Chemist: 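Following this message is one structure expressed as structure tokens.
Values in this document were obtained by computation on a predicted structure and should not be read as measured data. Just so you know, these numbers use all the heavy atoms, side chains as well, and skip hydrogens, waters and symmetry mates.
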Amino acid sequence: AIELFQQMNLEGVVPDKITFVSLLSACASLASLAEGKRVHAYLVASGMELNVVLGNALVNMYGKCGSLEDAKGAFDKMSE
């Protein structure tokens, strides 16, 4: 998923919410906090609204990567 995302960027494909959820899930599965933070930063820079689905994916990724403070921060920013 991460390699595909990088290829999408090279080809100018704009990611959607489903893409971000898939990326965050891949980062969580790999316990890759650094990559997850890069995806989160890209998500914020894209201006995409953090809905419940994306928020849950962020909380899950940060939790599985052992960053509970970041997980709580993502949870606190989720819209209802």
Chemist: Using the side chain to side chain contact (heavy atoms under 4.5 Å, CB included) criterion, which residues pair with Asp16? Sequence neighbours excluded.
Modeler: Ile18, Thr19
Chemist: Side-chain heavy atoms nearer than 4.5 Å, only ILVMFWY residues, links allowed to pass through others: does that put Phe20 and Val44 together?
Modeler: no
Chemist: Under 3.5 Å, which donor-acceptor pairs do the side chains of residues 59-68 form with other protein atoms, sequence neighbours left out?
Modeler:
from	atom 1	to	atom 2	distance (Å)
Tyr62	OH	His40	ND1	2.7
Ser67	OG	Asp70	OD2	2.7

Chemist: Quick check: is Leu23 connected to Val13 through a chain of hydrophobic side chains (ILVMFWY, heavy atoms under 4.5 Å apart)?
Modeler: no
Chemist: Which residues satisfy the side chain to side chain contact (heavy atoms under 4.5 Å, CB included) test with Lys17, sequence neighbours excluded?
Modeler: Met48, Asn51, Leu54
Chemist: Please collect all side chain to side chain donor-acceptor pair (under 3.5 Å) contacts where either partner lies in residues 20-36, sequence neighbours excluded, each pair once.
Modeler: Glu35-Arg38
Chemist: Of all heavy-atom pairs between Ala74 and Leu50, which one has the smallest distance, and what is that distance?
Modeler: O-CD2, 4.3 Å
Chemist: List, one per line, each side-chain donor-acceptor pair under 3.5 Å for residues 2-10, sequence neighbours excluded.
Modeler:
from	atom 1	to	atom 2	distance (Å)
Gln7	NE2	Glu11	OE2	2.7
Asn9	OD1	Tyr42	OH	3.0

Chemist: So Leu43 and Leu58, do their side chains get closer than 4.5 Å, heavy atoms only?
Modeler: yes
